[in-house]
Amino acid sequence: MAKVRLATVWLSGCSGCHMSFLDQDEKLLELAGEIELVYSPIADVKNFPENVDITLVEGAVGNEEQLELLKRIRKNTKILVALGDCAVNGNVTALRNSLNNSVEEVLKKAYVENATLKQNTPTHVPRLLKKALALNEAVKVDFYVPGCPPSANLINYVLNELLEGRTPALEGRFKYG
Amino acid sequence: MKPDELRNLAQKEDELRKSYRYRINVCCSSGCMPFGALKVLSAFKDAVKESGVEEECYVARTGCIGTCSIAPAVLVEPGDYLYQNVTPEKAKEIVKEHIVNNRPVKSMLYGNEAYFKKQLRIVLRNAGKIDPLRIEDYIAVGGYYALLKALTRMTPEGVIEEVALSGLKGRGGAGFLTGLKWRYVARATGSPKYVIANLDEGDPGVFANRTLAEADPHAIIEGMTIAAYAVGASKGYIYVRSEYPLAVETLKKAIEAAKSMGLLGEKIFETAFSFDIELRLGAGAFVAGEETAILASIEGRRAMPRPRPPYPAQSGLWGKPTLINNVETLANIPVILLKGSEWFSSIGTKNCTGTKCFSLTGKVNNPGLIEVPMGITLREVVFEIGGGVPPGRRFKAVQVGGPSGGFLPEQLLDLPIDYESLTKAGAIMGSGGIVVLDDTSCMVDTAKFFTEFCVDESCGKCTPCRAGLYKLYKILDGFTQGEGDIQDLDKVEDLCEFIKEASLCGLGQTAPNPTLTTLKYFRDEYVSHIVEKKCPAGKCFKDGGGAGS
Amino acid sequence: MSKTVELTIDGKKVAAKEGDNILKVARENNIYIPALCYLEGVSSLGGCRVCVVEIRGSPKVFASCVTPVAEGMEVITDSERLRRYRKWAIELLLAERPHVCSVCVANGNCELQQLATELGVDHLRVDRKWTNYELDLTHERFAYDPNRCILCTRCIRVCDEVEGVHAIDLMLRGKNSKVIFDLDDKWGFAESCTSCGKCSAVCPVGALYVKGKPLSEVKKKELVSFVMSRRSEKTIG
């Protein structure tokens, strides 16, 4: 039987969800028998591949580059899983949305007002979206695993259910924050 | 006032009326005022004086005649000659020709007989024919006789029985049997009891209650007083919108007049029954028309609805048994007592007796205030009374029931107007607003518009109405700007069901109607917005519509 | 003496005091109905609509916290429809203001968060609204973040009915509703506030809280029972 092609993606988030993913510890070894990691911050792959079975996406969609990547992910993935609060609902990443929705205001606040050194806004980076988006505000999402971060056990449960071809039952199992 | 005094006054007034050969009724309601009705009124008075026919012709300042499309409207009796768009100059001409020379000015008459043919005026029986500020005018046409009859010849239970037999249902929208409601209040323990007349008509484009109060305030007062006698109440409140200054002023003067004649106050008609009425002004919240919100408002609190039970009949104002009726319901009462329940129940349909006032507006040739027997079809209302949509336009939908009424398409126009049929089709009787839409209207945009109204008017107490309606509005707004996908329609229906079923009061429970009915009957327009990014009516998308916008 | 009525809740026969609401009776009989704005000891609001139940014979749903029990009533506390409605209620509350659990003082002690878990609200189907109300830190002991308020009015009711002060109320309406102190004064300058802390004790979320302490240290439930015991002392006294 061919291995399930798994990808994990890190958008605008703190990488905590990936840490939690790695916290599956010895269970990762069990997973390794069933999956092939085809794209991940911990794998050296430049472009998001085609024909991916499951993609775990951490982080909210913060800039144009991420939006484009997410759309490609959606196109190339059978099951897209929003991993963690930022991906599920924006979380901390989206706190900037309260700032009157002005990108300039956000940049000023972060890089000028609250900076002690080199007070100027960055230029050679992808342009921020007007609002940080939860994944389902941009593309269709198949499953949601909330948590900041979601526990390693929960991630492991969801992955195993998906590998078994079942729908994970989240009621009572997750916790926002 | 003694019973004899009422009879004498009526007789005297009747004789006075008969001593005039002509009576010119100049509509001075809120619909005709902006078109210069008061100038027309004084022009008539001057012309009558100048022509020396003061002895023969009486000029009356009246309430609404019902034909708002021909403002200012003037009705000359006898013969009910209705003049349209009267100006001070035309007034002179009418006096000269019609009154002096006895030749009605045909060119100025409103020739539209179809507008009146299918109407039946019970609630608006005196509208446009009496001076609302003269209580004598009301008495001359039989006013306060029903009260006299009730107080002197009927027991409270007898009054309730008569109202129950008539089959009258609450005209505020929900259609609860009036007789039954009265019986609940009559049987409730607690003292004092209160009667509240609901005149908080907050729906945009609806003006039936306002017009009634401006044209015939005593019908409301008399109906209320009879209700108070029937249920054993001693104090009444008329809860009226402060946005209705003319209605407020008219009611205030009418209450004063009734008090000064002893028709309100202590020992009315020398019986043991005493009743007093106070006006209470609402402060602009649509939801304040909900009955438990009225209670809160009159008690001086935030006009927020509360769950029922307890119903106001058990625990209303300050915890006392309280009867709350719409003013249109109350205006029916005097007629029912005078003409009998059998007569009343012969009008309309078996399950839905009597008439209903509607404010007919929108893309229709003859907008105005109409009163029709229950059971009349929407087609008759829109196409015969309303005269159909303007030339060159195609009928698209009719909204019945105010901002939270559903939109019904052409194929449902033969639906009879009664509470059950309308509710089944997804519309409501509601406050009696009928808005006609033609092919220039976009149904998605229209649903969005009325949802936005309800978002603004939600009191904020319960989650479905406060948060749910706002999200519904945002989704609809997205549709009109090319956002969303086709699966969102299922989500919208699911959200609407939650708002409808789980909201605390009638506002939330009916607010999804415009969305649900447009989704049901005009789904293709949603699909066109979402899939093709096109607005068939050319209303939506910022640059005026079209693909790729 | 009030009468006793018999009813069934999920098929279980229970006896109840006439006039009591369904939610209270269910809890007394160890039958769980999720609820949010309800607070035992103060009047019921019927606002959040999380505690909806079905009653056999009626097509409608009823907020159990404001529906009195009746003889022979058959209450159903769980069904596909009820679960769907409860989910919507929680989802809409989560989307109404920026509830960001990871940076909230109530994280781990929040009734909204807990209900989301319990009812399986693992994502939001509607856009979130990112309100930007000013944080009120003017009171020396307490803080108020309107961005986390779910308008359950527990604070208003406890201040009015238990403390007897009514320093808190709502202003504006609909989606603009806001809990305010006195006439929209800053908390620290609200003269009628007695600084008793009951409002922050009963706040189900992190909108009203004691400064400088995470809620894990100030277990809300214990405070609530403390408030309620004071109430019964008052009633007896």
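All of these numbers come straight from a predicted model, not from anything done at the bench. Chain identifiers are assigned alphabetically (A, B, ...) following the order of the sequence lines, protein sequences preceding nucleic acid strands; residue numbering begins at 1 within each chain.
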Applying a heavy-atom distance below 4.5 Å, give me the residues of [range] that approach chain B, sorted by number.
range: residues 165-172 of chain C; answer: C:Leu170, C:Met171, C:Leu172
range: residues 116-129 of chain C; answer: C:Arg125, C:Val126, C:Asp127, C:Arg128, C:Lys129
range: residues 75-83 of chain C; answer: C:Arg81

Largest heavy-atom contact set with chain B, pairs under 4.5 Å, which of C:Ala89, C:Pro59, C:Gly47, C:Ala95
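Heavy-atom pair counts peak at C:Gly47.
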Most contacts with chain B, counted as non-hydrogen pairs under 4.5 angstrom, among C:Ser177, C:Gly46, C:Cys48
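Sorted descending by pairs with chain B, the first entry is C:Cys48.
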Nearest 0.5 Å, please: how far is [atom2] in [Y] from [atom1] in [X]?
X: B:Leu495; Y: C:Arg84; atom1: CG; atom2: CZ; answer: 11.5 Å
X: B:Cys462; Y: C:Leu92; atom1: SG; atom2: CG; answer: 10.5 Å
X: C:Asn176; Y: B:Asp456; atom1: CG; atom2: CG; answer: 8.0 Å

Sort C:Ile150 into side chain, backbone, both or neither according to what part of it lies under 4.5 angstrom from a heavy atom of chain B.
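Backbone only.
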Part of C:Ala63 lying under 4.5 Å from any heavy atom of chain B
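Interface part for C:Ala63: neither.
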[atom1]/[X]: more than 12 non-hydrogen atoms of other groups inside 6.0 Å:
X: C:Tyr133; atom1: OH; value: yes
X: C:Leu183; atom1: CG; value: no
X: C:Tyr32; atom1: OH; value: yes
X: C:Lys17; atom1: NZ; value: no

Do you know which of [options] has the most heavy-atom pairs under 4.5 Å to chain C?
options: B:Glu501, B:Arg302, B:Lys474; answer: B:Arg302
options: B:Arg466, B:Lys491, B:Arg306, B:Arg308; answer: B:Arg466
options: B:Pro310, B:Ala467, B:Pro309, B:Cys465; answer: B:Ala467

Checking an interface table here. Which of residues 418-428 of chain B come within a heavy-atom distance under 4.5 Å of chain C?
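Not one residue of residues 418-428 of chain B has a heavy atom under 4.5 Å from chain C.
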Less than 4.5 Å to any heavy atom of chain C: does that hold for the side chain of [X], its backbone, both, or neither?
X: B:Asp494; answer: both
X: B:Phe498; answer: both
X: B:Lys461; answer: both

Under-4.0 Å salt bridge between C:Arg173 and B:Glu457
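Yes, this pair counts.
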Please answer whether the main-chain N or O of C:Gly174 pairs with a side-chain N or O of B:Ser458 as donor and acceptor at a distance below 3.5 Å.
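No, because the side chain of B:Ser458 does not come within donor-acceptor range (under 3.5 Å) of the backbone of C:Gly174.
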Taking B:Ala502's backbone N and O only, do any of them form a donor-acceptor pair with C:Arg49's side chain (distance below 3.5 Å, no angle check)?
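Yes; at least one donor-acceptor contact below 3.5 Å.
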Indicate whether any N or O donor in one side chain lies under 3.5 Å from an N or O acceptor in the other, for C:Tyr85 and B:Glu497.
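Yes, B:Glu497 and C:Tyr85 have a side-chain donor paired with an acceptor closer than 3.5 Å.
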